[in-house]
Amino acid sequence: MNITNKNIDGGKAFDWGRTSLDYAKYRDIYPPLFFEKIAEKGICVKGQRALDLGTGTGVVPRNMYKYGAEWTGSDISANQIAQAKVLAEKDGMKIDFIVSAAEDIDFPEEYFDVITACQCFFYFDYDVVIPKLAKLLKKGGRLVILFMAWLPDEDKIAGESERLVLEYNPQWTGGGYTRRPIYVPDIAEKYFDIEFSEEYDLMVPFTRESWNGRMKACRGIGASLSDEDVAAWENEHMKLLEKIAPETFEILHSASYAVLIKK
C-alpha cells in the first residue's frame with residue numbers, strides 16, 4: 001500500500017510492504033535494554049492487554065512477549081502483518097495481528113492497558129489518533145512512544161551509508177538524526193500527562209550483511225525505489241562497506257521514549 005505525506009520525503013510515495021522480507025530479517029535490531037526500560041516500569045507485563053500500533057513485523061510484541069502481556073499488533077501493510085504472523089508462530093507466540101491504519105483502529109472503549117508505537121508515531125494524524133487512543137485506554141492506561149536511530153554525524157559508517165541513500169533518493173527525509181526527546185504533539189496534553197521520558201545512547205552490533213540489510217529496509221531505499229535502483233544501491237553499498245567497515249562492527253544509536261498516562 002503506497003503512503004504519501006507532504007511532510008515526509010517531499011511527498012514521495014513509499015510502501016513498507018515492499019520491504020517486508022528484508023524488514024523481517026534485518027530490522028529486529030533493538031538491544032534488550034530498549035524493552036527492559038519499559039518492562040521495569042511495570043508496563044507491558046503480565047495481566048495487561050497491550051496494542052502495538054505500526055507493528056511492522058511485530059518487533060515490539062515479539063520482543064516483549066516474555067514479560068507476559070496479552071498482545072495485539074496492527075499495521076497498515078498486509079505484507080508486514082503476514083511476516084509478523086510467520087515470525088510469531090515460528091516462536092510459538094500467541095499474538096493477534098490485524099491489518100489496520102492507526103486512524104481506523106477499532107476496539108471497545110477502555111479495552112487496553114497499554115498502547116505502544118515504535119518508529120511510527122510521526123506517521124499518524126495526531127488529531128484523529130490521539131483522541132482515539134485515549135478512548136481505547138483504560139483510565140490510568142499508558143501510551144508508550146519509542147524511537148531509535150543511528151547518529152550519522154558521530155558514526156562514520158552510518159554517515160557514509162546515509163550519504164549513499166541520499167545519492168539515490170535525495171527526497172528522503174529520514175537522515176540527519178540528532179539526539180532529541182520524543183516529540184509529543186500539543187493535542188496530547190488534553191488527554192494525557194507525561195509520566196516518564198528518557199534519551200540514551202546504544203551501541204548496536206552488525207555485520208556488513210546485516211547493516212546493508214538494515215539500510216536497504218529503510219524508507220529511503222527498499223520502501224520507495226524501483227527494484228533496479230534498489231539492486232544498484234545495494235551493490236554500491238556493499239562495495240562501500242568493504243572499504244570502510246570491518247566484517248563485524250557496532251553502530252552508535254540514540255534511543256528515546258515517552259510514557260504518557262491517560263488523565
Side-chain angles (χ1 to χ4, degrees), residues 16-102 105 107 111-121 123-124 133 136-137 141-150 182 202 204-207 209-211 213-219 222-223 251 253 255-259:
W16 287 117
R18 297 180 57 206
T19 71
S20 291
L21 292 176
D22 285 328
Y23 205 110
K25 186 174 182 179
Y26 295 115
R27 288 201 56 167
D28 190 352
I29 61 171
Y30 303 91
L33 180 65
F34 189 77
F35 303 104
E36 289 168 2
K37 283 181 172 287
I38 304 304
E40 71 184 8
K41 292 178 168 56
I43 300 172
C44 302
V45 297
K46 187 174 181 180
Q48 296 177 353
R49 186 180 284 153
L51 169 66
D52 184 44
L53 299 173
T55 197
T57 58
V59 172
V60 171
R62 288 189 291 106
N63 277 277
M64 299 206 72
Y65 190 80
K66 64 183 178 182
Y67 297 110
E70 177 185 332
W71 280 97
T72 298
S74 70
D75 198 276
I76 197 171
S77 169
N79 288 352
Q80 293 283 75
I81 290 297
Q83 290 299 313
K85 289 179 178 179
V86 168
L87 293 170
E89 290 172 5
K90 179 182 177 182
D91 290 333
M93 298 178 178
K94 296 181 179 179
I95 301 171
D96 291 328
F97 288 108
I98 60 173
V99 178
S100 177
I105 203 79
F107 284 92
Y111 189 76
F112 292 103
D113 299 282
V114 184
I115 298 175
T116 58
C118 181
Q119 303 292 124
C120 60
F121 198 69
Y123 291 116
F124 302 156
L133 301 187
L136 294 180
L137 283 167
R142 272 77 170 230
L143 169 61
V144 185
I145 310 169
L146 305 104
F147 192 78
M148 187 178 81
W150 61 80
I182 285 286
L202 288 168
V204 183
F206 291 94
T207 63
E209 177 195 359
S210 65
W211 177 244
R214 167 63 186 94
M215 293 299 298
K216 186 172 71 165
C218 80
R219 193 181 68 235
I251 296 289
H253 284 66
S256 56
Y257 68 90
V259 178

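Values in this document were obtained by computation on a predicted structure and should not be read as measured data.
Scanning both residues, Ile76 and Ala101, for their nearest heavy atoms gives CD1-CB, 4.0 Å. The two residues Asp113 and Gln48 make their nearest non-hydrogen contact at OD2-CA, 3.3 Å. Of all heavy-atom pairs between Lys85 and Phe97, the closest is CE-O, 3.8 Å. Among all heavy-atom pairs drawn from Ser20 and Gln80, the shortest one is OG-OE1, 2.8 Å. Taking each heavy atom of Ala117 and Phe124 in turn, the nearest pair found is CB-CE1, 4.2 Å. Minimum interatomic distance between Phe107 and Leu136 (heavy atoms only, all atoms of both residues): O-CD2, 3.3 Å.
Proximity of Val114 to Val144: side-chain heavy atoms (C-beta onward) are separated by under 4.5 Å at one or more points. The shortest distance between side-chain heavy atoms of Lys216 and Trp211 does not fall below 4.5 Å.
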Name the atoms and distances for all side-chain donor-acceptor pairs under 3.5 Å in residues 66-73, with sequence neighbours left out.
none

Going by atom type alone, with no hydrogens or angles, which donor-acceptor pairs under 3.5 Å involve a side-chain atom of residues 49-60 and a protein atom two or more places apart or on another chain?
{"residue": "Arg49", "atom": "NH1", "partner": "Tyr111", "partner atom": "O", "Å": "3.2"}
{"residue": "Asp52", "atom": "OD1", "partner": "Thr116", "partner atom": "OG1", "Å": "2.7"}
{"residue": "Asp52", "atom": "OD2", "partner": "Thr55", "partner atom": "OG1", "Å": "2.7"}

Donor-acceptor contacts under 3.5 Å from residues 24-38 side chains, at least two apart:
{"residue": "Tyr26", "atom": "OH", "partner": "Glu209", "partner atom": "OE2", "Å": "2.9"}
{"residue": "Arg27", "atom": "NH1", "partner": "Ala217", "partner atom": "O", "Å": "3.2"}
{"residue": "Asp28", "atom": "OD1", "partner": "Asn63", "partner atom": "ND2", "Å": "3.0"}
{"residue": "Asp28", "atom": "OD2", "partner": "Arg62", "partner atom": "NH1", "Å": "3.4"}
{"residue": "Lys37", "atom": "NZ", "partner": "Glu198", "partner atom": "OE1", "Å": "3.3"}
{"residue": "Lys37", "atom": "NZ", "partner": "Glu198", "partner atom": "OE2", "Å": "2.9"}

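Side chain of Thr207 to main chain of Ser210: a donor-acceptor pair is present (N/O by atom type, distance under 3.5 Å, no hydrogens or angles). Put simply, the side chain of Asp91 never gets that close to the backbone of Met93: no donor and acceptor are under 3.5 Å apart.
The CH2 atom of Trp16 lies 10.5 Å from the SG atom of Cys120; values are rounded to the nearest 0.5 Å. Atom-to-atom distance recorded for Leu21:CG and Gln83:CD is 5.0 Å, nearest 0.5 angstrom. Residue Ser74 holds its OG atom at 5.0 Å from CD1 of Ile98, rounded to the nearest 0.5 Å. Rounding to the nearest 0.5 angstrom, the gap separating the CD1 atom in Ile251 from the NE2 atom in His253 is 7.0 Å. Within the model, atoms CZ of Phe112 and CG of Leu133 stand 10.0 Å from one another, a figure rounded to the nearest 0.5 Å.
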For this session: For the pair Met148 and Leu202, evaluate side-chain contact (heavy atoms from CB on, under 4.5 Å) and give the outcome as yes or no after the intermediate values.
Result: CA-CA 9 Å; Met148 187 178 81; Leu202 288 168; 3.6 Å; yes
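Tyr23 and Arg18 are not linked by any side-chain donor-acceptor pair at a separation below 3.5 angstrom, with hydrogens and angles left out of the test.
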